Structures are given as C-alpha cells and as structure tokens.
Enquirer: 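Sharing a structure with you now.
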Amino acid sequence: LGVARLNQDKHDAALSALEHALKLDPQNPDVHLNLGQAADRRSDPMRARQHFAAALRLAPSHVDALFNLGVICLKEDEPAAAHKWFEQVLAIEPRHADALVNLGLIAEQKDQLDEAIAHFRHAIDIIPSSVQIRNNLANTLSLQGRYEEAREQYDVALRISPDSVAAREGLASVCIALGRFKEGIA
C-alpha cells in the first residue's frame, strides 16, 4: 500500500503505510528503500540517506539503495560521494544505464569530457532509444568541438522523438557551429 501511495504522489499516506510496514518487518531492506524514496520526495535528504543506508546494512548489494544514495549526493552537490555510489552500482550491475549517465554528467562537470563521452556511449549501448542520453552525448561532443558527431546524435534523437525540443535546439546550435546556417534555423 505504501508503494502504491508513493507512486500516486500521496507522500504522507505512503509514509504512514511504510512506517507501519517497517514496524511489522524492520529487517526488510525494501521497506527502508521505499521510506528513503518517500523522504526524498518530501525533500528530506537526511532522512532519505538514513533509510537508504539502513537498506544497505541489511542488504549490502542493494543496487537501488546504492543508486538512490548517489542521486541524493548529486542533489546535495556532493559529486565525489555520488561517483562512489554509482561506481558501486556498476560493480554489481555493469549495465545500469542510469548510473552510467550520472557518472557521465559528473565527468562532464569536472571537464573530463572523454570519460563523460565513454559513459554516455556505454549507456546508449544499453538503451539505444533514449533521447535524453543521446542529447547528453551530443552536448558533450559539442563541448569538444566535435560538431559533426554531435549532429549525428541529434539526428538520431529526432528520428526517435521528432518533437524533442532539446534535440532540435541542440541540432540548431551544432548546425550553426558547422556554418550550416539554413539547417540551423530551419
């Protein structure tokens, strides 16, 4: 019931149901995971961390708890800690596309563009239909001045989702950078 309420964005009801579930089964890591997600949605990162950490104490390889700790660290502007959590996710689940994307974003922020590109490419290998990941890759390629490669990624993104504003805007920018002004403003 708590997860259903959480998915319905009824955070108070979810919290109440999940706290009741925790009283019935305090050793259940998934209850802690869900309580952490509820706390995160209520903008309570400290409580979210406590529950994700509790889930890990009970199940040290709990990929969702590891991943959510990384997300909390990103939200709290702690990229080094987030990096550590996402690396742990990948040690357990090497094809975790969201962890790869977040590592790519962290690398991009640190101006480690080759590393960011590698993470985004790996994530695209896992989810080739992701417009967001292709946009991330194209943006990073653009930062390196690799406009033709960026254009190719935006083209693919627009074939997947013709209404993608981000892909359309990114394509316009790289076309202008390539001197293809008519394509850029079309």
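Given the structure is predicted, the values throughout are model-derived calculations rather than measurements. Residue numbers run from 1 in the order of the sequence given.
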Enquirer: What I'd like to find out is whether the side chain of Leu90 reaches to under 4.5 Å of the side chain of Phe67, using heavy atoms alone.
Expert: no
Enquirer: Does a side chain donor of either His62 or Asp30 reach within less than 3.5 Å of an acceptor in the other side chain?
Expert: yes
Enquirer: First locate atom NE2 of His32, then atom CG of Asp25, and finally report the distance between them rounded to the nearest 0.5 Å.
Expert: 8.5 Å
Enquirer: To the nearest 0.5 Å, tell me how far Leu103 CG sits from His96 NE2.
Expert: 10.5 Å
Enquirer: So, Arg151 and Glu148, do they make that salt bridge, N to O below 4.0 Å?
Expert: yes
Enquirer: Would you sort out whether Ile106 and Phe86 count as a side-chain contact (heavy atoms from CB on, under 4.5 Å), showing the intermediate values?
Expert: CA-CA 10 Å; Ile106 292 168; Phe86 296 135; 4.0 Å; yes
Enquirer: When rounded to the nearest 0.5 angstrom, what distance separates NE2 in His122 from NE2 in His119?
Expert: 10.0 Å
Enquirer: Less than 4.5 Å apart, any side-chain heavy atom of Arg146 and any of Ile117?
Expert: yes
Enquirer: Taking the side chain as every heavy atom from C-beta outward, state whether Ile124 and Gln153 have any pair of such atoms under 4.5 Å apart.
Expert: yes
Enquirer: Do Gln144 and Asp114 have side-chain atoms, one donor and one acceptor, less than 3.5 Å apart?
Expert: yes
Enquirer: Enter the distance from Ile133:CD1 to Ile127:CD1 here, rounded to the nearest 0.5 Å.
Expert: 4.5 Å
Enquirer: Taking all atoms of both residues into account, what is the closest heavy-atom pair of Gly70 and Ala82, and its distance?
Expert: O-CB, 3.4 Å
Enquirer: How long is the gap from SG on Cys175 to CZ on Arg180, to the nearest 0.5 Å?
Expert: 6.5 Å
Enquirer: Do Ile126 and Val63 land in one hydrophobic cluster if side-chain heavy atoms of ILVMFWY residues count as linked below 4.5 Å?
Expert: yes
Enquirer: Looking at Ser161 and Ala157, would you say the former's side chain and the latter's main chain have a donor-acceptor pair under 3.5 Å?
Expert: no
Enquirer: Starting at CG of Leu171, measure out to OG of Ser164 and round the result to the nearest 0.5 Å.
Expert: 10.5 Å
Enquirer: Check whether any side-chain heavy atom of Leu141 sits under 4.5 Å from a side-chain heavy atom of Phe120, and report yes or no.
Expert: no
Enquirer: For a 4.5 angstrom cut-off between non-hydrogen side-chain atoms, does His51 reach Leu33?
Expert: no
Enquirer: Would you call Ser129 and Arg134 a side-chain contact if the rule is heavy atoms closer than 4.5 Å?
Expert: no
Enquirer: Taking it one step at a time, do Trp85 and Gln88 satisfy side-chain contact (heavy atoms from CB on, under 4.5 Å)?
Expert: CA-CA 5 Å; Trp85 294 117; Gln88 287 184 41; 3.9 Å; yes
Enquirer: For the residue pair Lys110 and Glu115, establish whether any side-chain heavy-atom pair is separated by less than 4.5 Å.
Expert: no
Enquirer: Is a side-chain N or O of Asp40 found less than 3.5 angstrom from the main chain of Gly36, in a donor-acceptor match?
Expert: no
Enquirer: Heavy-atom count around Gln132 CD within 6.0 Å, excluding the residue itself: above 12?
Expert: no
Enquirer: Taking C-beta and beyond as the side chain, do Leu69 and Leu56 meet within less than 4.5 Å on heavy atoms?
Expert: yes
